[in-house]
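Below is one structure, written out as structure tokens; the observations come after it.
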Amino acid sequence: MSKSVSRVVLAVTAVAALGLVTACGGDSDEDKKSGKSAEQTVEKTPGADKQAAPLSKAALEKAVLAKADVKGFEIEKMTEKEFTDGGEAKAAKAECQPVAQLMGAKTAPAPKASAYVTFASAGALGTEDKAPSGGTGMIRLSSYADSGAEQTLKDLKGAIEACAGGFAATDGTGTKADVAKVESLTAPKLGDEALAFTITDADKKDGGTVKFTVVRSGAHVSVLFGVDLMNPAKPVLPDAVVSAQITKLEKALKA
């Protein structure tokens, strides 16, 4: 690959700061379920009450995906500084903040510890002979004290439903970054509960869509999001990446 994965870091960090995407538009993601409430996006699995102790930052660093864990993807670790440089995204309406904050560096409830990586499909960055294709994205694993993980999913679920019609927001630099709509998707049957949704930028000329999957595994929350930089209206968040990450985290919780 002729281009550095550091380009992916820059790209997804920009998305995380509510920059969303600036490229050509297209059709919406085919698996969007219009009319579904956020409540319908939640899937629960047995054993939700049996939680492992919150992992430390060092343990999370070992539990987050690495290149050897999933074929066909470049995976690069992000430092705490690279992540926090995204600043704090803010929604004008308090009820929409749980969605907006996922695209910035500060969240409430605040996690006990977090680890971050970016990923890119093999063709996402392109080569000198081939145009870029496929998706890029970011993964954040966080551990929470008390009921912080449960509260995070509860707040997010409410925000997805309350803010479906969009909301005014600013990115980490204070620049206007309004959201046109939030659409719930069918969540994967992973973890103790999960949410899946898309966020579409209100900028009709340069805006794009980001696809999110958020999974709670006991006192831990995995936030994964993906975009397609070359076709921003059709975000890509590979199932292989999502399932591999949750499997690796839950294996660490059982160790």
Side-chain angles (χ1 to χ4, degrees), residues 12 16 38-39 41-70 73 75-84 86 88-89 97-119 137-160 187-197 212-226 237-255:
V12 298
E39 181 69 34
T41 69
V42 177
E43 296 284 350
K44 295 187 178 181
T45 55
D49 295 329
K50 298 179 181 179
Q51 295 189 8
L55 295 179
S56 65
K57 183 171 182 63
L60 288 171
E61 293 281 1
K62 293 180 180 178
V64 74
L65 277 189
K67 185 175 180 179
D69 297 320
V70 58
F73 293 89
I75 296 178
E76 184 83 0
K77 285 189 175 182
M78 287 183 75
T79 65
E80 195 74 32
K81 184 179 185 303
E82 284 173 328
F83 182 75
T84 57
E88 182 179 6
Q97 185 60 22
V99 171
Q101 69 181 9
L102 289 180
M103 298 174 288
K106 294 183 179 180
T107 60
K112 178 180 178 181
S114 296
Y116 324 92
V117 296
T118 61
F119 65 85
M138 190 177 80
I139 301 171
R140 173 171 62 85
L141 295 190
S142 298
S143 59
Y144 290 81
D146 303 321
S147 59
E150 291 91 335
Q151 189 65 49
T152 295
L153 269 288
K154 179 180 179 181
D155 292 347
L156 182 56
K157 181 177 69 175
I160 292 170
K189 295 181 178 180
L190 296 170
D192 294 316
E193 54 182 326
L195 295 165
F197 58 99
F212 282 84
T213 294
V214 181
V215 181
R216 181 178 71 81
S217 303
H220 305 80
V221 175
S222 302
V223 178
L224 304 94
F225 73 75
L237 181 55
D239 291 342
V241 171
V242 176
S243 60
Q245 179 55 82
I246 303 308
T247 297
K248 185 174 184 180
L249 171 61
E250 296 189 347
K251 183 177 180 180
L253 296 178
K254 294 176 181 177

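Below, all heavy atoms of this structure are taken into account, side chains as well, without hydrogens, waters or symmetry copies. Just so it is clear, the model here is predicted, and its values are computed rather than measured.
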>> Listing request: all side-chain hydrogen bond (donor to acceptor under 3.5 Å, both in side chains) pairs with a residue in residues 52-64, at least two apart in sequence or in separate chains.
In response: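 Qualifying pairs, neighbours excluded: Lys57-Glu80.
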Pairwise side-chain contact, [X] with [Y], heavy-atom cut-off 4.5 Å (strictly under):
{"X": "Phe83", "Y": "Ser114", "result": "no"}
{"X": "Tyr144", "Y": "Thr152", "result": "yes"}
{"X": "Ile246", "Y": "Ser222", "result": "yes"}
{"X": "Phe119", "Y": "Leu237", "result": "yes"}

> What do the steps show when you test Thr213 against Leu195 for side chain to side chain contact (heavy atoms under 4.5 Å, CB included), and what is the final call?
Replying inline: CA-CA 6 Å; Thr213 294; Leu195 295 165; over 6 Å; no
Rounded to the nearest 0.5 Å, what's the gap from [atom1] on [X] to [atom2] on [Y]? Could you check?
{"X": "Ile139", "Y": "Ile75", "atom1": "CD1", "atom2": "CD1", "result": "6.0 Å"}
{"X": "Asp155", "Y": "Glu150", "atom1": "CG", "atom2": "CD", "result": "11.5 Å"}
{"X": "Arg216", "Y": "Lys154", "atom1": "CZ", "atom2": "NZ", "result": "12.5 Å"}
{"X": "His220", "Y": "Asp192", "atom1": "NE2", "atom2": "CG", "result": "11.0 Å"}
{"X": "Leu65", "Y": "Phe73", "atom1": "CG", "atom2": "CZ", "result": "10.0 Å"}
{"X": "Gln97", "Y": "Thr107", "atom1": "CD", "atom2": "OG1", "result": "10.0 Å"}

Nearest atoms (heavy-atom pairs only) where [X] meets [Y]:
{"X": "Ala159", "Y": "Pro98", "result": "CB-CB, 3.8 Å"}
{"X": "Leu190", "Y": "Val215", "result": "O-CG1, 3.6 Å"}
{"X": "Leu55", "Y": "Ala252", "result": "CD1-CB, 4.5 Å"}
{"X": "Pro188", "Y": "Ala194", "result": "O-CB, 3.6 Å"}

Output yes when a side-chain donor or acceptor of [X] lies under 3.5 Å from a complementary backbone atom of [Y], and no otherwise.
{"X": "Glu250", "Y": "Ser217", "answer": "no"}
{"X": "Ser143", "Y": "Pro54", "answer": "no"}
{"X": "Gln245", "Y": "Ala63", "answer": "yes"}

>> Can you tell me how the ring of Phe212 sits relative to the ring of Phe225, calling it parallel under 30°, perpendicular over 60° and tilted otherwise?
In response: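 Geometry flag for Phe225 against Phe212: tilted rings.
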> Hey, is CG on Asp69 packed in by over 12 heavy atoms from elsewhere, all under 6.0 Å?
Replying inline: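 Yes, the 6.0 Å shell around CG holds more than 12 heavy atoms from other groups.
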> Checking side chain to side chain contact (heavy atoms under 4.5 Å, CB included) against Val214, which of Ile160, Leu224, Leu153 comes through?
Replying inline: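 The residue from Ile160, Leu224, Leu153 that satisfies side chain to side chain contact (heavy atoms under 4.5 Å, CB included) with Val214 turns out to be Leu153.
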